[in-house]
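Chain letters run A, B, ... following the sequence lines, proteins first and then strands; every chain starts at 1.
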Amino acid sequence: MFFVQMWKEIKVFFTSKGNLLFMFVMPLLLITIFSFALRDYISADYGTFDNGCIYYYLNTQNESRSGEFNEIREKMTGAIGISFEQVYDYEEACRRVESSKAYGVITIKDNGYDYFRSSFNEPEGGKLARTLFSQIADNYMSGTTSRSGPAINKVRVEVNKLDSKNYYTFAGLAFSIMFMGLLVAFMVYDEKKFGTIERIKLGGAGILSMVISKVLTGVICGLIMIVTSFAYSRTVLKVDWGNKAGYIVIVLLCLVIFSAVFGCVVGLWGKNRTMCQSSVLMFSMLCGYLGGSITPLYLLENLPVLRFIVKISPLYYTNRAIISLYNGIIDEKTTYSILVLLGLTLAFIILGIHLGKKVTKKA
Amino acid sequence: MGIVNIKDLKKTFGDLTAVDGISITVEPGEIHGILGPNGAGKSTTIGCITGLLPYDSGSVTYENAQPIGKWKRNIGYIPQDLAIYPDLSAEENVRFFCSLYGFKGSELKKKTEEALDFVGLLEVKRKKASEFSGGMKRRLNMACGIVHSPKLIIMDEPTVGIDPQSRNRILENVKALNKKGATILYTTHYMPEVEEICNKITVIDHGKVIASGTKEDILDKMGKDREMDVTFTAGSDGLAGFEEAIQSIESVHRCNISTEDNISTCKIFYSEDQTLMENVIRVAADNHLTISNIGSLEPSLEEIFLTLTGKELRDGK
């Protein structure tokens, strides 16, 4: 029964020229327009280490530890051109970090390292440098890297230069995926409007299988958008998705699922097409703006009040995670992004079940 | 025991009692019309019959006292609003609804084509539903509801807003389905349709059954007179004897004779009597009167309906 419905959904979806246009053209259009129209926004070397500096504070007499740190320091300077400066007043150094004068303060101790950073004002370059330092230091601490051995070279630093094409390939695609919820909302709403729900129920199928088939159709549509954008950005815009492309796709897939479930809930709730349309568009626009799909994240994160507000947008977590992944770093941002998206999806599923019961009663 | 047995059905929506103790029995093989003004409780009753709407109290059972459960697969539902997918072709629409009932392969194809042929859409089966005229869409809506050969077909105003040809086709289809053995539950506002196809009628108002039975039963219960008009050729001899003889017939309630321009007309008001016309002709002959015209008039269903439910508008009530 489910496959019958699924097949029908795919047929209905793919026979609509509007849907095809949306699926194939919208992401490419957004990516292209944003990439070229907003290129000045991204020319600020977002995520690079120009003029970046990390303070270090020696709190050990252990020569072996300080020698190890010097080695890490040289490697990092050689790899990403970041500078290190020794400080003697730890408190003052922290204050300077809080006022964006440096990325952080590394305290070298007998038993390892402490890294102080601004919890509110850490720039993207600082995050990348910190992640890199953690990876190298961890390798030393765990003994996988000998002090003078060549193994340190295995810690490969891949920091891609983020320009507008790279940034908006992902941000524009994520934005388009949010809009994809509209197609699912229409599919669900139309089923209510056409009164076909009654017939489906008389035939012995439930609303649940109908809803799942529509969400899955949305997911297929989302995947096609990702594949199309991947092919387009690789061939036309020459954007390299990096060696964490698989993880980027996983994060985007979570966004696709969230968007499809959200659209489904709007379709169940909406009293007319206009209501569905306005709700999805408003939500998508808000998420897109706050999530850095239009204005780049680094600008939003540096604005006094907005830096907190942006955190309500699921796209904020998605775009943040993708930037890290694009730079070859899998960190907590990827986890947060997946957790936020799946958590919201779960919340909307619960809401959808509640609304589904209402629709069943009305039907 | 009918194919559908509704007993003391009650359904409320908050403070509004939509159905208030309705009892209806739909016998197998009949075309049962449900009539009622807007807001009378027809759609709610149908919702309860199809099992799509839970009811507060009473019972709805089906063939051999079965609960709705799996029996709902024996129901074919043809809603007033078109329940079809405009972006799919006629064939895809019918095929989808048929496959919901577990039909596959050649059987699915056969049933789909039969249903499309039945409603006259086989030749345009590959055309998208959105490209159909209103009447064609209605017929497609019907095909989707009957494709699985249901025992009970529920039609909720299936002829609203369509051309006379399509309406005629749908009514012919309803009769044909009934001949094939399907029981039909039919709601409509068009009284001539009910008079033409229904052999049993239930009139609902304010959530209650206010009349039920054949049209004749309802007329009799309401005490509505039928009327027979007899016109005679010139000459009034024998009119007095004719009037007296007619008045003595048991089914006749009254008889008025008038003469104008040497032409006499007699209006006879009577209750159900299949032999009255024959008797009138015989009495006229006995009284040496020549009949130039004779005909009987029955009160229309619309008249009965308005008498039962009143002439007050029900918009939004």
Atom [atom1] of [X] with >12 non-hydrogen neighbours under 6.0 angstrom:
X      : atom1 : value
A:M6   : CE    : yes
B:K10  : NZ    : no
A:K11  : NZ    : yes
B:K110 : NZ    : no
A:F13  : CZ    : yes

Residues from residues 87-101 of chain B approaching chain A under 4.5 Å (heavy atoms):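 Counting heavy atoms that sit under 4.5 Å from chain A, the residues of residues 87-101 of chain B involved are B:D87, B:L88, B:E92, B:F96, B:F97, B:S99, B:L100, B:Y101.
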Most contacts with chain A, counted as non-hydrogen pairs under 4.5 angstrom, among B:G102, B:C144, B:P79, B:G51: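 Option with the greatest count: B:C144.
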Toward chain B, the part of A:Q5 with a non-hydrogen atom under 4.5 Å: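 Contact with chain B involves both backbone and side-chain atoms of A:Q5.
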B:R73 side-chain N/O to A:L202 backbone N/O, donor-acceptor pair under 3.5 Å: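 Not a single qualifying donor-acceptor pair exists.
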Contact winner vs chain B - A:D190, A:V12, A:I200, heavy-atom pairs under 4.5 Å: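 Among the listed options, the one with the most contacts to chain B is A:I200.
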Top contributor to chain B contacts, counting heavy-atom pairs under 4.5 Å, from A:T196, A:V4, A:T15: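 Sorted descending by pairs with chain B, the first entry is A:T196.
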Shortest non-hydrogen contact from B:I78 toward A:R199: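 So the two residues come closest at CA-NH2, 3.8 Å.
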Atom of B:A83, atom of A:G195 and distance for their closest heavy-atom approach: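 Heavy atoms of B:A83 and A:G195 come nearest at CB-O, 3.6 Å.
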Point-to-point distance, once rounded to the nearest 0.5 Å, from CD of A:E198 to CD1 of B:I46: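 Here the rounded value is 11.5 Å.
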4.5 Å side-chain heavy-atom contact, A:K8 and B:Y85: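 SC-SC contact between A:K8 and B:Y85 confirmed.
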B:I154, part contacting chain A, at a heavy-atom distance under 4.5 Å: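 B:I154 has no heavy atom closer than 4.5 Å to chain A.
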